[in-house]
2 protein chains.
Amino acid sequence: MDSQRADQLFESPPAESVSPAAGDTFEARRDHILQAATHVFAQYGYEKASMRTIAKAADVSLAGLYHYFERKEQLLFVMQFRVFSSLLSNLREWLVGVESPRDRLCTMIRSHVTYFAEHMAELKVCSHELDSLRGETYDQAREIRLAYYGLTREIIASVIELDPPDYPLDLHVATMSLFGTLNWLYRWWNPSHPTPPKVVASQITNQFLAGICGHTA
Amino acid sequence: MDSQRADQLFESPPAESVSPAAGDTFEARRDHILQAATHVFAQYGYEKASMRTIAKAADVSLAGLYHYFERKEQLLFVMQFRVFSSLLSNLREWLVGVESPRDRLCTMIRSHVTYFAEHMAELKVCSHELDSLRGETYDQAREIRLAYYGLTREIIASVIELDPPDYPLDLHVATMSLFGTLNWLYRWWNPSHPTPPKVVASQITNQFLAGICGHTA
DNA sequence: TTATTTCGTTCGAACGTCCGTTCGGCTCTC
DNA sequence: GAGAGCCGAACGGACGTTCGAACGAAATAA
């Protein structure tokens with residue numbers, strides 16, 4: 001992956017490519033393999049998931065797998081990069097036109113929970129395998145994670161500034177408290193859970209808002 | 001581990017043993033190895049941690065390691081079992097004489113955060129490797145985890161009953177929200193963090209209490 | 001007392017398996 | 001026939017686990 005630029009490698013499938021038919025097929029196969037790998041990672045964990053299992057899940061041969069991804073690590077990296085990018089760009093889109101700090105926080109949580117409910121395997125792997133990458137791949141994934149964290153932190157900060165609580169509140173602790181709740185979702189929530197995602201999102205929002213302000217939304 | 005009873009295997013070192021000197025030494029060596037394994041698990045993750053690395057960390061040979069633990073899985077299981085047992089019994093002790101629901105919740109969070117700050121490696125592994133056990137070992141670890149969860153859930157329930165919030169609140173979502181915050185601690189807090197554990201515990205308590213009631217402690 | 005046996009403890013060396021990765025060659029399409 | 005796509009087969013290494021032998025101290029027998 002060192003031979004290609006990040007913006008060529010990790011974006012969602014491009015609208016066009018140099019060699020149209022072949023290019024489309026290549027990207028589609030690549031996405032299909034990545035999707036299969038994601039579910040294998042989610043089921044077995046990154047270390048225990050073998051390239052042979054991923055190949056079977058993607059319905060390609062072991063050697064064929066290496067035609068699309070140079071290394072096992074690249075599978076995890078590209079997936080994490082795409083997911084964090086999507087989370088961040090989705091959030092930025094949803095935030096357009098939302099000005100009240102409380103509404104922005106509400107939007108952030110709703111955006112995250114919605115994305116989670118629609119991409120459970122991806123977010124499980126992203127929450128659980130944060131330290132499975134090494135070196136440059138870790139740094140790049142970390143960078144975009146921090147951008148997501150930073151944006152959330154700013155939203156929380158403006159909520160607090162507008163309506164400070166009557167007890168000492170550290171901004172970092174508050175932010176990590178929210179991410180803890182959100183990133184723990186994959187441990188207990190699934191599509192067959194009685195509580196629908198919208199209700200979960202709204203309760204987390206209510207709890208967190210009341211928690212950092214002292215009253216509900 | 002199938003040839004011994006759980007209460008023989010997994011309790012903390014017994015006060016006496018049949019063969020005093022030798023028994024003491026055996027238990028001490030066992031504890032020492034378990035301690036080393038815990039830190040290796042915390043650093044590399046269960047799957048990536050090798051028995052060879054654990055043996056080096058414990059300063060025994062690879063084969064010598066197997067004199068104290070039959071399988072790699074047993075290392076993880078005994079550790080998890082002891083930690084969850086300690087968490088549960090600690091909490092029960094701390095709760096003795098505490099009657100107000102709010103004080104009981106405050107006690108639970110303080111107890112958990114204090115234990116976490118003093119046993120970071122253990123709780124990191126317990127939070128991160130919940131699904132690394134299989135079969136009977138998984139079931140046994142799960143059972144005691146659920147006891148800890150159940151006790152916490154009851155505490156939260158009585159807080160809510162005494163002082164219901166003005167928005168719909170699902171008890172399970174609320175409980176998991178708290179455990180998410182607590183179990184995510186290992187991702188960002190460490191002994192050199194500027195915020196001391198007592199402050200973290202008190203802020204989590206304040207946030208969570210205000211979150212489920214609408215006002216602070 | 002000494003000689004012998006037992007047993008808990010330790011370890012070097014190996015076994016079989018699975019892993020990530022590579023290589024050479026096959027089959028299509030252009 | 002050039003090149004992409006694809007694959008069977010293998011390579012080297014790391015893994016969890018086992019085996020047989022050694023050691024020392026305690027227990028037993030002489």
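If you're wondering where the values come from, they're calculated on a predicted model, not measured in any experiment. Letters A, B, ... are given to chains in the order of the sequence lines, protein chains preceding strands, and every chain is numbered from 1.
- Rounded to whole angstrom, the span from the CZ atom of Phe69(A) across to the P atom of dT22(C) amounts to 16 Å.
- Side-chain contact check for Thr114(B) and Ser111(B): no donor-acceptor pair (N or O, by modelled atom type) lies under 3.5 Å.
- For the pair His67(B) and dT9(C), the criterion of a side-chain N or O lying under 4.0 Å from OP1 or OP2 is met.
- For the 3.5 Å distance criterion, the side chains of Arg145(A) and Tyr149(A) fail to qualify, holding no donor opposite an acceptor.
- When the P atom of dT9(C) is taken as reference, atom CZ of Phe26(B) falls 6 Å away, rounded to whole Å.
- The OH-P distance, from Tyr66(A) to dA10(D), rounds to 18 Å in whole Å.
- For DNA chain D, the neighbouring residues in residues 37-57 of chain B, judged by any heavy atom under 4.0 Å, are Ala49(B), Ser50(B), Met51(B), Arg52(B).
- In the set dG20(C), dG16(D), dC7(D), the nucleotide with an atom closest to the side chain of Lys72(A) is dG20(C).
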Please evaluate residues Ser86(B) and Val83(B) with respect to the criterion side chain to side chain contact (heavy atoms under 4.5 Å, CB included), reporting the C-alpha separation (whole Å), side-chain torsions for both, the decisive distance (0.1 Å), and the verdict.
CA-CA 5 Å; Ser86(B) 296; Val83(B) 168; 5.7 Å; no
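- Going from atom CG of Leu178(A) over to atom CH2 of Trp184(B) covers 11.5 Å, rounded to the nearest 0.5 Å.
- Distances from the side chain of Leu62(A) to the nucleotides dC11(C), dC7(D), dT21(C) place dT21(C) closest.
- Aromatic pair Phe26(B)/Tyr68(B): ring centres closer than 6.0 Å.
- Judged by the 6.0 Å and 45° rule, Lys72(B) forms a cation-pi pair with Tyr46(B).
- The nearest whole Å value for the distance from the CG atom in Leu65(B) to the C1' atom in dG12(C) is 15 Å.
- Checking the phosphate oxygens (OP1, OP2) of dT10(C), a side-chain nitrogen or oxygen of Tyr68(B) falls inside 4.0 Å.
- The distance from atom CD of Glu27(A) to atom P of dA4(D) is 15 Å, rounded to the nearest whole Å.
- Taking the side chain of Arg71(B) as heavy atoms from C-beta on, and the options dC11(C), dT17(D), dC7(D), the nearest nucleotide is dT17(D).
- Ion pairing between a basic and an acidic side chain is recognised when a charged N comes within 4.0 Å of a carboxylate O; Arg29(A) and Asp59(A) show no such pairing.
- When the C1' atom of dT17(D) is taken as reference, atom CD of Gln74(B) falls 14 Å away, rounded to whole Å.
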